[in-house]
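Let me begin by presenting the structure, written as structure tokens, before commenting on it.
Just so you know, these numbers use all the heavy atoms, side chains as well, and skip hydrogens, waters and symmetry mates.
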Amino acid sequence: MPRYDFKSIESRWQQHWEENATFKAEDPACGKDKMYVLDMFPYPSGSGLHVGHPEGYTATDIVCRHARMNGKNVLHPMGWDSFGLPAEEHAVKTGTHPRETTEKNIATFKRQLKMLGFSYDWTRELATTDPEYYRWTQWIFLQLFDTWYDSEHEWTGQDGKQRTGKGRPISELPIPAEVTAAGEEAVRRYQDKHRLAYLSEAPVNWCPALGTVLANEEIIDGKSERGSHPVERVALKQWMLRITAYGDRLANELEELDWPESIKLLQRNWIGRSTGAEVDFYIGDATVGTGPTEFEGWKTTRSASGFPAEAGDDVLRVYTTRPDTLYGATYMVIAPEHRFVDRLTTEDQKAAVAEYCRKASMKSDLDRTELAKDKTGVFTGSYATNPVNGEQIPIWVADYVLISYGTGAIMAVPAHDLRDFEFAVKFEIPVIQVVQPPASWKPSKDESAIAASVNGIEIVPFAGHGTAINSDHLNGKSTADAKAAIIGVLDESGIGKSAVNYKLRDWLFSRQRYWGEPFPIWHELDADGNPTGLMRTESIESLPVPHPHMEDFKPTGTPEPMLAKATDEWLYKTDTDGVRLKRETNSMPQWAGSCWYFLRFCDNKNGEAFIDPALEKYWMPVDLYIGGAEHAVLHLLYSRFWHKVLFDRGHVSMVEPFQKLVNQGMILGEADENGKAEKMSKSRGNVINPDDVVKEYGADALRLYEMFMGPLEQVKPWSMKGVEGVYRFLGRVWRMIIDDRAEEVALLDSVNEAAATDEQLRMLHKTIKAVSEDIAKLSLNTAISRMMEFTNFMSHETSRPKSVLQDFVLLLSPFAPHIAEELWHALGNTSTLAYEAWPKFDEALLVEDSIEVPIQFNGKLKAKINVPNGLDAAAMQAAAEADENVKKQLEGKTIVKVIAVPGRMVNFVVR
RNA sequence: GGCACCGUAGCCCAAUUUGGCAGAGGCGCUCGGCUUAGAACCGAGAUGUUGGGAGUUCGAAUCUCCCCGGUGCUACCA
């Protein structure tokens, strides 16, 4: 085997690692420091591994192999996010059971990952579709179901900081006296309303083509993320998870994490916390009327009672971030789905409003977006009373107000809100200015774009902060002061209250598909077999709720869940007290399994608990988590949320699961002749299959190339020429050590026991330093280039000391482990290098005796001189002035100033 | 539209964190060696308005501002 024969080398060492369980994580009792390095586990799709997968996987593998050589006990696991739509769609098409498809795909993925030589501890493998795994997913759901969020609860975190708000057992939820008085059933219903997992009838995104409802996050431009199918809005009873309760903590606790700022920002924006006020506008009720007398009476009542938690029927409650503009409110808008639409619509407006709401309900989100430029709406015929000045203002229905945000109703201040302004101009509603812009204000692009003439006067809306005008006692106050002042007044008079809102919505947690986790929930039935609305949980001992076997996977075309077609035996039972029960037939979304898989890796065979507390304490948190940026707001927010709930309930020891996060950049297809590279896709025909690359160049070359392409986080185009480049590098490394004309693997004659020269040592130690530092920074592309440099140098040396080559092979091993093991072996070692000590560099050996420094005149390079290393500024200057060439160039010039930086340069400022 | 990131040789990219010789590494290209020849291999070499403009500085690829171009995310959130 004279030549670099990657095929036999790679398969031999992979077999060696497997047989010797080389990468099995050690027991916590080993006494080593732990390091938990995690990849985002893949969905095992039918098309197999994509070259994007090994990018992040190779980076983590390098970190792990490096950490082991530095004496760490490394946990590096892999598993399968195997519930999900594609397997089920495949089942609809072919009749193959999703479990069968999933198992086949997992086998393919596993073969491909093993082929790349990743140092996973395969004994920790798991799949979210394993009953022993989803048993605990269901168990965690029961924890969510058993928890309510006490926003007042004060506690001290592990960091010693005081915090407010914690998830607590539902049994500790205070029950109001009147509820207790109403009986046990009322108490149960009251508790159900406060759980972190709750049922809610709400407009949801129903996708007929996929046969399921989708979360907001799964909809892109009004179409399903998967398959781009149209999505309709229908009202359905669905499971929701109260992630909004954790909005503040999810935003605040990002602070201490070692994550890219851009991802933190993305999450903060997604959570979208805003502060403002809720304000009630009096609309009266049919029995009392809406006149000024009633309004005054209402005000009197309110100042006595205070601001009620639930808005009554006599008011329209709005949320605003600009309560300081209350005096400029000239109309109100309610969403078409608002519960007051009917009662606020007068007889003459009935037809118009009904028609408008009908059209709005038909609009998909896409239509709404496309029509975004033109505001639409219709007057209800009713008026509300502005609580601060008693003005009667008209109430409109318009779909630019969303039912799902705030209270689904707004007060419109056209002078200071661009959307309201557009609407007011179109429908000729008065515009009252109540904020004076600062003198320096210039209209923004948006503001001037919609400026319009109202009653012959050109008006430009102003959405910024300024000074209050036309606002009674607020006049002259800055926007911030005016906000505080008006909130004080509203609070005192029981008309309004400061409030916080989030763009983040509660998480729609049920799907209607077959291939997902069943819920551990039973619904009570009455004598006629109809649900009473009361629920019971599956007992923890009887988990998992098995996934029922089915043969027919065709979507029904209606929102009726697939699991409703299971056998009666699965669907129904009679409880010990004789109550007839029916199972929940929705299934969980794919996110469920991926929300906690990193915990299970610590203890994947535990049959007693989802994780052993001691193992959780030892391994968690994940020290490094690498994956695609597409999960910045979905998976990474959901799993943080679950983790916080588990923490609040005492099941895990830390508030955050992922200490350091890195997002790999996408690998694009090969650039075309114009240098343009596009995303890899089947339709473009530019997909690179890792199998083909490994076949032609080997796993080490693929690993090395993916790391050499450029910075990990960056988007980069694929290049086959680049693969050849690193392949040639591996060939040079091989020939630097091995005699490629010998019959058997044998060292070159030039490889010997001689002591290394100073120059060889300097080169080696420079390389050790650079590669070590680059791995710590995950700057793997530059680490590789340093090893190329070393190879170029050493290949020219006629004497190649073994000691130097051995250290180099160790440096190379995390990147190209197969060839490194082979060379390590050839150099006379008998065991794997996976636990050899990582080479240390000696700073003293790096120092060069003399260095070349540039001499500048006015910052321009004019000469170079050689000086001994370690000169101070004065000596540098003296050396420069002593140089003949410099002397000559200085002739006839006046030196104004000299800047000398030791070891760097000398600059003469001359005239 | 908003936010974020990016722009260095024909191409992928270093140097930007911490201002100090524009080039580490790879691809491609040219020339030479080896070879019957090609591939592989070995050796030598060329390539620049650092997207544009201004500012700060003794000195700017690096810091600041404006503009241009590209990519990603987001999109009526009151």
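Here, B:A39 and B:C34 have their C1' atoms 12 Å apart, quoted to the whole Å. Distance check on atom P: B:G25 versus B:C42 gives 15 Å, rounded to whole Å. A distance of about 15 Å separates the P atoms of B:U64 and B:U16, rounded to the whole Å. The gap from the C1' atom of B:U36 to that of B:A46 amounts to 32 Å, rounded to the nearest Å. Comparing the P positions of B:G28 and B:C41 gives a spacing of 10 Å, expressed to the nearest Å. Using atom P as the reference point in both B:G51 and B:G69, the two lie 16 Å apart (nearest Å). Distance check on atom P: B:C6 versus B:C63 gives 10 Å, rounded to whole Å. Separating the C1' atom of B:U17 from that of B:U62 is a span of 10 Å, rounded to the nearest Å.
With hydrogens and angles left out, the side chain of A:Gln856 and the base of B:G59 share no donor-acceptor pair within 3.5 Å. A donor-acceptor contact under 3.5 Å links the side chain of A:Lys375 to the base of B:C76. On a pure distance criterion of 3.5 Å, no polar donor-acceptor pair joins the side chain of A:Ser262 and the base of B:A4.
Ion pair A:Arg273/A:Asp248 flagged as a salt bridge, since at least one NZ, NE, NH1 or NH2 atom sits closer than 4.0 Å to an Asp/Glu carboxylate oxygen. Between A:Lys497 and A:Glu278 there is no salt bridge, since no side-chain N of the basic residue sits under 4.0 Å from a carboxylate O of the acidic one. Ion pairing between a basic and an acidic side chain is recognised when a charged N comes within 4.0 Å of a carboxylate O; A:Arg322 and A:Asp324 show such pairing. With respect to the salt-bridge test (charged N to carboxylate O, under 4.0 angstrom), the residues A:Glu759 and A:Arg762 do not qualify. Under the 4.0 Å criterion applied to side-chain N and carboxylate O atoms, A:Lys264 and A:Glu261 are assigned as salt-bridge partners. Using a cutoff of 4.0 Å between basic side-chain nitrogens and carboxylate oxygens, A:Lys716 and A:Glu55 are scored as salt-bridged. In summary, A:Glu773 and A:Lys769 engage in a salt bridge, as defined by a charged side-chain N under 4.0 Å from a carboxylate O.
Listed nucleotides: B:G43, B:C73, B:G25. Nearest to the side chain of A:Leu266: B:C73. Taking only side-chain atoms of A:Lys721, from C-beta outward, the nucleotide of B:C27, B:G25, B:C58 with the closest atom is B:C27. Closest to the side chain of A:Tyr400, from the set B:C76, B:G20, B:A4, is B:C76. Residue A:Asp417 places its side chain closer to B:A78 than to any other of B:C27, B:A78, B:G43. Taking the side chain of A:Trp270 as heavy atoms from C-beta on, and the options B:C12, B:A14, B:A75, the nearest nucleotide is B:A75.
Contact between A:Leu764 and A:Phe790 at its shortest, heavy atoms only, is CA-CE1, 4.0 Å.
Within the 4.0 angstrom heavy-atom criterion, no nucleotide atom of any strand lies near A:Lys860. Residue contacts for A:Met905: at a heavy-atom cut-off of 4.0 Å it reaches a base atom on one of the strands shown. As judged by a 4.0 angstrom heavy-atom cut-off over every strand, A:Lys864 is placed among the base-contacting residues. Among the atoms of the strands shown, none is found under 4.0 Å from any heavy atom of A:Ser719. Among the heavy atoms of the strands, none lies under 4.0 Å from A:Asp420. Residue contacts shown for A:Gln714 are limited to sugar-phosphate atoms, with no base heavy atom under 4.0 Å away. At the heavy-atom level, A:Ile899 lies under 4.0 Å from base atoms of the strands shown. In this structure, A:Arg786 reaches neither bases nor backbone, as no heavy-atom distance under 4.0 Å exists between it and the strands shown. Within the 4.0 angstrom heavy-atom criterion, no nucleotide atom of any strand lies near A:Asn501.
Nucleotide B:U36 forms a pair with no other nucleotide shown, judged by Watson-Crick or G-U wobble geometry with both contacts under 3.5 Å. Pair check for B:U56 finds none; no Watson-Crick or G-U wobble contact set falls under 3.5 Å. If you check B:C13 for Watson-Crick or wobble pairing at under 3.5 angstrom, you find it paired to B:G23. Using the Watson-Crick or G-U wobble rule with both distances under 3.5 Å, B:G72 pairs with B:C3. B:G48: no Watson-Crick or G-U partner with both key distances under 3.5 Å is found in any strand. The partner of B:C31, taking Watson-Crick or G-U wobble pairs whose two distances both stay under 3.5 Å, is B:G43.
In this model, the phosphate group of B:A24 is not approached by any side-chain N or O of A:Asn792 to a distance below 4.0 Å at OP1 or OP2. The side chain of A:Arg732 contributes no N or O atom lying less than 4.0 Å from OP1 or OP2 of B:G25. Checking the phosphate oxygens (OP1, OP2) of B:A78, a side-chain nitrogen or oxygen of A:Ser274 falls inside 4.0 Å. The side chain of A:Arg728 places an N or O atom within less than 4.0 Å of a non-bridging phosphate oxygen (OP1 or OP2) of B:C27.
For A:Tyr400 and A:Phe423, the ring centers sit closer than 6.0 Å to each other.
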Under 3.5 Å, N/O pairs linking protein and nucleotides 47-50 of chain B:
none

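To the nearest angstrom, P of B:G26 lies 13 Å from CE of A:Met787. Distance, A:Glu261 CD to B:G72 P: 23 Å, rounded to whole Å.
Between A:Tyr331 and A:Trp396, the two ring planes are perpendicular [angle over 60°; tilted spans 30° to 60°].
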